[in-house]
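Bear in mind that the values here come from a model prediction, so they are computed numbers and not experimental data. Quick note on labels: first sequence line is chain A, next is B, and so on, each numbered from 1.
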Amino acid sequence: MNYWLVKSEPVKYSWEQFEKDGRTCWDGVRNFQARNNLQGMRNGDLVLYYHSNEGKEVVGVAKVVREAYPDPTAGDPAWVVVDLAPESRFTRPVTLTQIKNHATLQHIGLLRQSRLSVMPLRPEEFDVIVGLGMG
DNA sequence: GCCAACGTTGGC
DNA sequence: GCCAACGTTGGC
(Lines give C-alpha, C1' and ligand atoms only; values in the text may rest on other atoms or scores of the structure.)
Protein backbone atom coordinates (compact mmCIF):
# COMPACT_ATOMS: atom_id res chain seq x y z
CA MET A 1 0.00 0.00 0.00
CA ASN A 2 1.35 3.38 -1.03
CA TYR A 3 0.19 6.86 -0.10
CA TRP A 4 -0.06 9.91 -2.34
CA LEU A 5 -1.28 13.48 -2.50
CA VAL A 6 -2.92 15.15 -5.48
CA LYS A 7 -3.73 18.80 -5.92
CA SER A 8 -6.68 20.38 -7.64
CA GLU A 9 -7.86 23.94 -7.83
CA PRO A 10 -11.42 23.85 -6.51
CA VAL A 11 -12.57 26.27 -9.22
CA LYS A 12 -11.49 23.67 -11.76
CA TYR A 13 -12.45 20.44 -10.02
CA SER A 14 -13.51 20.47 -6.39
CA TRP A 15 -13.94 17.70 -3.85
CA GLU A 16 -17.68 18.46 -3.90
CA GLN A 17 -17.83 17.73 -7.61
CA PHE A 18 -15.68 14.66 -7.08
CA GLU A 19 -18.21 13.33 -4.54
CA LYS A 20 -21.09 14.04 -6.91
CA ASP A 21 -19.30 12.21 -9.71
CA GLY A 22 -18.48 9.25 -7.46
CA ARG A 23 -15.38 8.56 -9.52
CA THR A 24 -13.13 10.54 -11.81
CA CYS A 25 -10.38 10.21 -14.35
CA TRP A 26 -7.37 12.23 -13.12
CA ASP A 27 -6.45 13.77 -16.46
CA GLY A 28 -4.41 16.72 -17.66
CA VAL A 29 -1.09 15.94 -15.96
CA ARG A 30 1.70 17.23 -18.22
CA ASN A 31 4.70 17.10 -15.94
CA PHE A 32 7.10 14.17 -16.06
CA GLN A 33 7.60 13.86 -12.34
CA ALA A 34 3.86 13.94 -11.68
CA ARG A 35 3.33 11.45 -14.52
CA ASN A 36 5.87 9.08 -13.01
CA ASN A 37 4.05 9.28 -9.71
CA LEU A 38 0.73 8.47 -11.41
CA GLN A 39 2.36 5.41 -12.91
CA GLY A 40 3.45 4.29 -9.46
CA MET A 41 -0.12 4.19 -8.15
CA ARG A 42 -1.68 0.80 -7.49
CA ASN A 43 -5.30 -0.19 -7.02
CA GLY A 44 -6.32 0.47 -3.43
CA ASP A 45 -3.62 3.07 -2.74
CA LEU A 46 -4.92 6.01 -0.73
CA VAL A 47 -4.60 9.58 -1.95
CA LEU A 48 -4.98 12.83 -0.04
CA TYR A 49 -6.98 15.43 -1.94
CA TYR A 50 -5.63 18.98 -1.63
CA HIS A 51 -7.37 22.16 -2.74
CA SER A 52 -4.76 24.56 -4.11
CA ASN A 53 -5.09 28.34 -4.56
CA GLU A 54 -8.46 28.54 -2.85
CA GLY A 55 -8.84 26.69 0.40
CA LYS A 56 -5.24 25.57 0.60
CA GLU A 57 -6.25 22.56 2.63
CA VAL A 58 -6.47 18.80 2.43
CA VAL A 59 -10.17 18.02 2.24
CA GLY A 60 -10.42 14.25 2.07
CA VAL A 61 -9.05 10.88 1.06
CA ALA A 62 -9.49 9.23 -2.32
CA LYS A 63 -8.70 5.71 -3.44
CA VAL A 64 -7.06 4.49 -6.66
CA VAL A 65 -9.67 2.42 -8.52
CA ARG A 66 -7.87 2.04 -11.85
CA GLU A 67 -4.13 2.06 -12.48
CA ALA A 68 -2.38 4.15 -15.12
CA TYR A 69 -3.65 4.14 -18.71
CA PRO A 70 -3.21 6.63 -21.57
CA ASP A 71 -4.71 10.07 -21.00
CA PRO A 72 -7.66 10.44 -23.41
CA THR A 73 -7.15 14.22 -23.39
CA ALA A 74 -3.53 13.95 -24.60
CA GLY A 75 -2.36 13.30 -28.12
CA ASP A 76 0.67 11.42 -26.84
CA PRO A 77 0.08 8.07 -25.07
CA ALA A 78 3.12 8.79 -22.88
CA TRP A 79 0.80 10.89 -20.71
CA VAL A 80 -1.34 8.82 -18.39
CA VAL A 81 -4.28 9.06 -16.01
CA VAL A 82 -5.57 7.00 -13.11
CA ASP A 83 -9.14 6.72 -11.87
CA LEU A 84 -9.90 7.89 -8.35
CA ALA A 85 -12.99 7.50 -6.15
CA PRO A 86 -13.82 9.36 -2.93
CA GLU A 87 -12.98 7.33 0.15
CA SER A 88 -13.71 9.69 3.05
CA ARG A 89 -14.29 13.37 3.54
CA PHE A 90 -12.46 15.11 6.36
CA THR A 91 -14.64 16.41 9.16
CA ARG A 92 -12.06 19.19 9.58
CA PRO A 93 -9.96 20.04 6.50
CA VAL A 94 -6.24 20.25 7.24
CA THR A 95 -4.84 23.63 6.26
CA LEU A 96 -1.46 24.38 4.75
CA THR A 97 -0.67 26.35 7.93
CA GLN A 98 -1.32 23.30 10.08
CA ILE A 99 0.94 21.26 7.82
CA LYS A 100 3.70 23.86 8.02
CA ASN A 101 3.47 23.94 11.78
CA HIS A 102 3.49 20.19 12.36
CA ALA A 103 6.82 18.65 13.34
CA THR A 104 6.20 15.38 11.47
CA LEU A 105 5.34 17.17 8.22
CA GLN A 106 8.41 19.36 7.74
CA HIS A 107 9.69 17.28 4.82
CA ILE A 108 6.41 16.67 3.02
CA GLY A 109 6.53 17.11 -0.76
CA LEU A 110 3.77 19.70 -0.58
CA LEU A 111 6.15 22.08 1.20
CA ARG A 112 9.34 21.11 -0.60
CA GLN A 113 8.01 21.24 -4.14
CA SER A 114 5.03 23.51 -4.18
CA ARG A 115 4.35 23.21 -7.89
CA LEU A 116 4.25 19.42 -8.15
CA SER A 117 0.65 18.22 -8.51
CA VAL A 118 1.03 14.49 -7.82
CA MET A 119 3.44 13.32 -5.13
CA PRO A 120 4.18 10.39 -2.84
CA LEU A 121 3.68 10.61 0.92
CA ARG A 122 5.40 8.76 3.72
CA PRO A 123 2.97 6.55 5.68
CA GLU A 124 3.53 8.65 8.79
CA GLU A 125 2.74 11.83 6.87
CA PHE A 126 -0.48 10.30 5.60
CA ASP A 127 -1.41 9.08 9.08
CA VAL A 128 -0.77 12.44 10.74
CA ILE A 129 -2.87 14.36 8.22
CA VAL A 130 -5.76 11.88 8.35
CA GLY A 131 -5.58 12.05 12.16
CA LEU A 132 -5.91 15.83 12.04
CA GLY A 133 -8.65 15.73 9.39
CA MET A 134 -10.81 13.16 11.11
CA GLY A 135 -10.06 14.34 14.63
C1' DG B 1 -1.08 41.91 -7.89
C1' DC B 2 3.40 40.30 -6.81
C1' DC B 3 6.93 37.12 -6.53
C1' DA B 4 9.53 32.65 -5.93
C1' DA B 5 10.20 28.21 -7.84
C1' DC B 6 10.75 25.61 -11.59
C1' DG B 7 9.93 23.66 -16.28
C1' DT B 8 10.47 24.56 -21.26
C1' DT B 9 12.30 26.70 -25.29
C1' DG B 10 15.61 28.43 -28.28
C1' DG B 11 19.97 30.87 -29.47
C1' DC B 12 24.70 30.23 -29.35
C1' DG C 1 25.80 21.68 -23.33
C1' DC C 2 24.95 26.25 -21.35
C1' DC C 3 22.08 29.89 -20.22
C1' DA C 4 18.75 33.67 -20.87
C1' DA C 5 13.99 34.42 -21.69
C1' DC C 6 9.61 33.20 -20.90
C1' DG C 7 5.40 30.70 -19.17
C1' DT C 8 2.95 28.40 -15.38
C1' DT C 9 1.90 27.23 -10.69
C1' DG C 10 0.73 28.51 -6.33
C1' DG C 11 1.44 31.02 -1.89
C1' DC C 12 1.05 35.42 0.13
S.K.: Would you kindly give the CG-to-P distance between A/Asn53 and C/dT8, to the nearest whole Å?
M.R.: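 These atoms are roughly 14 Å apart.
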S.K.: Who clusters with A/Val82? Use side-chain heavy atoms, under 4.5 angstrom, across I, L, V, M, F, W and Y, and order the result by chain and number.
M.R.: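 So far as hydrophobic clustering goes, A/Val82 is joined with A/Trp4, A/Val6, A/Tyr13, A/Trp15, A/Phe18, A/Trp26, A/Val29, A/Leu38, A/Met41, A/Val47, A/Tyr49, A/Val59, A/Val64, A/Val80, A/Leu84, A/Val118.
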S.K.: Please tell me if A/Lys7 has a side-chain N or O lying less than 4.0 Å from either OP1 or OP2 of C/dG10.
M.R.: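 Answer yes for this pair, as a side-chain N or O of A/Lys7 is under 4.0 Å from OP1 or OP2.
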S.K.: Could you check how far CG of A/Leu111 sits from C1' of B/dA4, rounded to whole Å?
M.R.: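 Atom CG in A/Leu111 sits about 15 Å away from atom C1' in B/dA4.
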S.K.: Going by distance alone, is a donor N or O of one side chain under 3.5 Å from an acceptor N or O of the other, for A/Asp83 and A/Tyr69?
M.R.: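 Checked: A/Asp83/A/Tyr69 side chains pair up, N/O donor to acceptor below 3.5 Å.
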S.K.: Tell me whether the side-chain N/O atoms of A/Tyr50 come closer than 4.0 Å to OP1 or OP2 in C/dT9.
M.R.: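 It does not, given that no N or O in the side chain of A/Tyr50 lies less than 4.0 Å from OP1 or OP2 of C/dT9.
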S.K.: Check every strand shown and say whether A/Leu96 touches a base, only sugar-phosphate, or nothing at a heavy-atom separation below 4.0 Å.
M.R.: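 Answer is sugar-phosphate: A/Leu96 comes under 4.0 Å of backbone atoms only.
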S.K.: As an exercise, state the distance from CD of A/Glu87 to CG of A/Leu48, rounded to the nearest 0.5 Å.
M.R.: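 A/Glu87 atom CD to A/Leu48 atom CG measures 11.5 Å (nearest 0.5 Å).
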S.K.: Please list, by residue number, the residues of residues 28-36 of chain A whose heavy atoms come closer than 4.0 Å to an atom of DNA chain B; answer none if no residue qualifies.
M.R.: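 Here the set is A/Asn31, A/Phe32.
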S.K.: To the nearest Å, how far apart are A/Lys56 NZ and C/dG10 P?
M.R.: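 Those two atoms, NZ and P, are 12 Å apart.
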S.K.: Taking atom C1' of B/dC6 as reference, at what distance in whole Å does atom CZ of A/Arg115 sit?
M.R.: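 Between C1' of B/dC6 and CZ of A/Arg115: 5 Å.
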S.K.: Check step by step if salt bridge (Lys or Arg N to Asp or Glu O under 4.0 Å) holds for A/Asp127 and A/Arg122.
M.R.: CA-CA 9 Å; A/Asp127 288 342; A/Arg122 296 178 183 172; over 6 Å; no
S.K.: Are A/Arg89 and A/Glu16 close enough for a salt bridge, meaning some N to O gap below 4.0 Å?
M.R.: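 Yes, charged N to carboxylate O under 4.0 Å.
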S.K.: Rounded to the nearest Å, what distance is computed from the NE2 atom of residue A/His51 to the P atom of nucleotide C/dG11?
M.R.: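 Whole-Å distance recorded here is 12 Å.
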S.K.: Please state how far atom CE in A/Met119 lies from atom P in C/dT9, giving the value in whole angstrom units.
M.R.: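 Taking CE of A/Met119 and P of C/dT9, I get 14 Å after rounding.
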S.K.: Is A/Arg92 atom CZ crowded by more than 12 heavy atoms from other residues, nucleotides or ligands, each under 6.0 Å away?
M.R.: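 Atom CZ in A/Arg92 is not crowded, with 12 or fewer foreign heavy atoms closer than 6.0 Å.
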